[in-house]
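Written out below as structure tokens is the structure these notes cover.
These values consider heavy atoms only, across backbone and side chains, with no hydrogens, waters or symmetry-generated copies. A note on names: the letters A, B, ... follow the listed sequences, proteins ahead of strands, and every chain is numbered from 1.
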Amino acid sequence: MSDIKKFLYVNRRAPYGTIYALESLEVVLIGAAFDQDVSLLFTDDGVFQIKKDQDTNQGSGFKNFSSTYKALGDYDVNKLYVEKESLEERGLTVDDLMELTYEDEDDDWAEKSSIRLVSRAEVKALMEEQDVILSF
Amino acid sequence: MKLAVMINEGPYQHQASDSAYQFVAAALEKGHEIFRVFFYHDGVNNGTRLAFPPQDDRNVQMRWGELAEKHGLDLVLCVAAAQRRGIADEGEASRNGKDANNIAPGYRISGLGQLIEAGIQADRLVVFGD
């Protein structure tokens, strides 16, 4: 068996209101040090986690941690799957999401988008190929 | 089979810890190995020794410790999640200037790397939560 496993982090909840999104991101950042094959999936209200122009300064008291997602590319976490239907059901398009990028070392460090739109049917295939799925 | 378990919800409020306990007990009964039980999110609240539920109810926190003692289970509370929720061992309490600790017997506090390692080492990582 290979030493590298495929990890998928499934983010299903809105970024604020519960702590799941923030603590999920903490697992991803720590996990990045283990050199595994990491993917993230944003589905259901989880798509709001990477919406651009987040502003928590209107009284909720929650820490705005959205900029942390922009650092994922530097941690070699560059497969961010977003479920198309979840965006559509919430009146969002990919243009409403933050620009999350990475530098491709196999392509002269060209800056590329980490965001990969997938359909609900493709999510099924994505999950089936994983070794470890952590759902938040 | 080598199994690892993750528990993401607190005791009594949610069934996750109960279901995980039944799962682990049954797996041990069948001769499987439990590599680690990792508590995250409000799941770290399973690790307090200061709970005293009514005597005619199960004691979710203490029975994990009893199972751990019997089978040598590794019960790990995530340190970052535990700090947010006020679960501390002696070292954590003194490092952070707290006047008491509250960790239950059989548990230890460590980092998220223990969860990733469990995912790598175990044949299956089974998650209990919402």
Side-chain angles (χ1 to χ4, degrees), chain A residues 1-41 43-46 49 60-65 68 71-72 75-77 79 126-136, chain B residues 1-11 13-17 19-20 23 33-47 76-87 92 108-130:
Chain A
M1 197 183 77
S2 155
D3 287 342
I4 294 182
K5 283 192 172 182
K6 291 176 79 74
F7 277 69
L8 175 67
Y9 298 90
V10 182
N11 299 292
R12 297 175 290 132
R13 293 181 175 91
Y16 310 104
T18 68
I19 201 169
Y20 295 102
L22 172 61
E23 288 192 331
S24 168
L25 196 51
E26 290 183 351
V27 180
V28 172
L29 293 173
I30 298 287
F34 284 75
D35 293 328
Q36 302 294 300
D37 183 349
V38 175
S39 301
L40 272 60
L41 168 66
T43 185
D44 298 346
D45 278 349
Q49 293 179 23
S60 74
F62 278 77
K63 183 169 80 174
N64 183 349
F65 60 93
T68 312
L72 290 175
Y75 286 85
D76 286 331
V77 176
K79 288 181 284 189
L126 177 69
M127 287 186 168
E128 275 175 357
E129 68 186 33
Q130 304 300 320
D131 297 306
V132 180
I133 298 180
L134 295 166
S135 176
F136 295 97
Chain B
M1 188 177 272
K2 191 193 290 188
L3 300 166
V5 169
M6 179 185 194
I7 298 172
N8 287 335
E9 300 293 339
Q13 172 81 10
H14 197 287
Q15 194 182 345
S17 182
S19 300
F23 174 82
E33 178 190 344
I34 303 294
F35 178 77
R36 180 168 294 145
V37 181
F38 190 88
F39 297 82
Y40 197 47
H41 299 310
D42 274 0
V44 297
N45 289 316
N46 284 283
V76 178
L77 307 171
C78 167
V79 60
Q83 287 175 340
R84 285 195 177 100
R85 293 162 179 85
I87 304 291
E92 275 288 290
R108 65 187 179 94
I109 293 178
S110 189
L112 278 166
Q114 301 273 304
L115 170 65
I116 306 298
E117 186 199 26
I120 295 169
Q121 295 296 328
D123 299 312
R124 293 278 191 283
L125 171 62
V126 186
V127 182
F128 293 84
D130 240 350

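At a 4.5 Å heavy-atom cutoff, the contact between B:R84 and chain A is made by side-chain atoms alone. Only the backbone of B:A122 comes within contact range of chain A, with at least one heavy atom under 4.5 Å from a heavy atom of that chain. Contact of B:L112 with chain A is made through backbone and side chain together, with heavy-atom distances under 4.5 Å. For chain A, no part of B:D42 is nearby; none of its heavy atoms comes within less than 4.5 Å. Contact of A:Q36 with chain B is made through the side chain alone, with heavy-atom distances under 4.5 Å.
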Residues B:L125, B:F35; criterion side chain to side chain contact (heavy atoms under 4.5 Å, CB included); working and verdict: CA-CA 10 Å; B:L125 171 62; B:F35 178 77; over 6 Å; no

Worked check of side chain to side chain contact (heavy atoms under 4.5 Å, CB included) between B:D130 and B:N8: CA-CA 8 Å; B:D130 240 350; B:N8 287 335; over 6 Å; no

Residues A:E23, B:R85; criterion salt bridge (Lys or Arg N to Asp or Glu O under 4.0 Å); working and verdict: CA-CA 13 Å; A:E23 288 192 331; B:R85 293 162 179 85; 3.0 Å; yes

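Among A:L29, A:T18, A:V27, the residue with the largest count of heavy-atom pairs under 4.5 Å with chain B is A:V27.
Salt-bridge annotation for A:K6 and A:D37: present, with a side-chain N of the basic residue lying under 4.0 Å from a carboxylate O of the acidic one.
With sequence neighbours excluded, no residue satisfies salt bridge (charged side-chain N to carboxylate O under 4.0 Å, His left out) with A:R13. With sequence neighbours excluded, no residue satisfies salt bridge (charged side-chain N to carboxylate O under 4.0 Å, His left out) with A:R12. Take B:S17 and apply the side-chain hydrogen bond (donor to acceptor under 3.5 Å, both in side chains) test, not counting sequence neighbours, and it matches B:N46, B:W64.
A donor-acceptor pair under 3.5 Å is formed between the side chain of A:T68 and the backbone N or O of A:F65.
Chain B is approached within less than 4.5 Å, heavy atom to heavy atom, by A:V132, A:I133, A:L134, A:S135, A:F136 from residues 129-136 of chain A, ordered by number.
Residues A:N11 and A:Y20 bring no donor and acceptor atom of their side chains to less than 3.5 Å of each other.
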